[in-house]
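So the structure is just underneath, and the comments pick up after that.
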Amino acid sequence: SLRSLTAVTCTVWLAAYGLFTLCENSMILSAAIFITLLGLLGYLHFVKIDQETLLIIDSLGIQMTSSYASGKESTTFIEMGKVKDLVINEAIYMQKVIYYLCILLKDPVEPHGISQVVPVFQSAKPRLDCLIEVYRSCQEILAHQKATSASP
């Protein structure tokens, strides 16, 4: 991510310098610096995620929070009644296998079906052993919630 950010910044500045040498107008360099700074601020505010958290409360639901580098936070809440299960899924990405945690949501029309798959950690790519620890903790809470809701 830092490499691509540096490459884009260098490309914008080199293009601005090339236009400056042709036109001899210093406003081009000022505009390039301004555009780069706006792009960096936009990147920090909307793209760069510093921290992701998962909070499960068995009687209420699951809350996922993403904290961005600018301080902005984005929170998603899923009611426990909509959660069917939590699974570790695998995918092939750039010639390697990655693992990620997903929440399976119940289909309101068909009780045994799945309506949606929601990935939990979208920015961070935790190792499998870390995901297994989170998965076990989540499954304990889900099992307790299912046992509580099943008993009269």
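Only this structure's heavy atoms are used, side chains among them; waters, hydrogens and symmetry mates stay out.
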Minimum heavy-atom distance Y68-S74, with the two atoms named: CE1-CB, 3.9 Å
Exercise: identify the closest heavy-atom pair between A32 and W13: O-NE1, 3.7 Å
Same apolar cluster: Y43 and L38, side chain cutoff 4.5 Å: no
From E140, M64, M80, residue fulfilling side chain to side chain contact (heavy atoms under 4.5 Å, CB included) relative to I56: M80
From OG (S115) to CD (E110), nearest 0.5 Å: 11.0 Å
Flag if over 12 foreign heavy atoms under 6.0 Å of CZ, F34: no
Where at least one partner belongs to residues 120-130, residue pairs that pass salt bridge (Lys or Arg N to Asp or Glu O under 4.0 Å), sequence neighbours excluded: R127-D129
Candidate pair V120 and C102, rule side chain to side chain contact (heavy atoms under 4.5 Å, CB included), full reasoning: CA-CA 6 Å; V120 176; C102 289; 5.9 Å; no
Side-chain heavy-atom pair I103, V117 within 4.5 angstrom cut-off: no
Co-membership, hydrophobic cluster, residues L54 and L60, 4.5 Å side-chain: no
Interatomic distance, I62 atom CD1 to I141 atom CD1 [nearest 0.5 angstrom]: 9.0 Å
L131 side chain reached by F121 side chain, heavy atoms, under 4.5 Å: yes
Heavy-atom pair with the smallest gap, counting every atom of E24 and T21: CG-O, 4.0 Å
I57-L101 co-clustered via ILVMFWY side chain contacts under 4.5 Å: no
Pairwise distance OH(Y135) to CG(L142) - rounded to 0.5 angstrom: 9.0 Å
ILVMFWY cluster, L19 and Y17 together (side-chain gap under 4.5 Å): no
Atom pair CG/CZ of L55 and F77 - distance to nearest 0.5 Å: 9.0 Å
Other residues, nucleotides, ligands: >12 heavy atoms within 6.0 Å of K84 NZ: yes
ILVMFWY network linking L86 to I132, side-chain heavy atoms under 4.5 angstrom: yes
Exceeds 12 heavy-atom contacts within 6.0 angstrom, atom CD1 of I92: no
Reported NZ-to-CD1 distance for the pair K106 and I114, which is rounded to 0.5 angstrom: 11.5 Å
L104 side chain reached by V83 side chain, heavy atoms, under 4.5 Å: no
Any side-chain heavy-atom pair of K72 and F46 under 4.5 Å: yes
Least distance between heavy atoms, E90 atom then Y100 atom: C-CE2, 4.1 Å
Heavy-atom closest pair, residues S123 and E52: N-OE2, 3.1 Å
Side-chain donor-acceptor pair present, Q139, D85, cut-off under 3.5 Å: yes
Side-chain heavy atoms of C130 within contact of E133, under 4.5 Å: no
T9 side, atom OG1; L14 side, atom CG - distance, nearest 0.5 Å: 10.5 Å
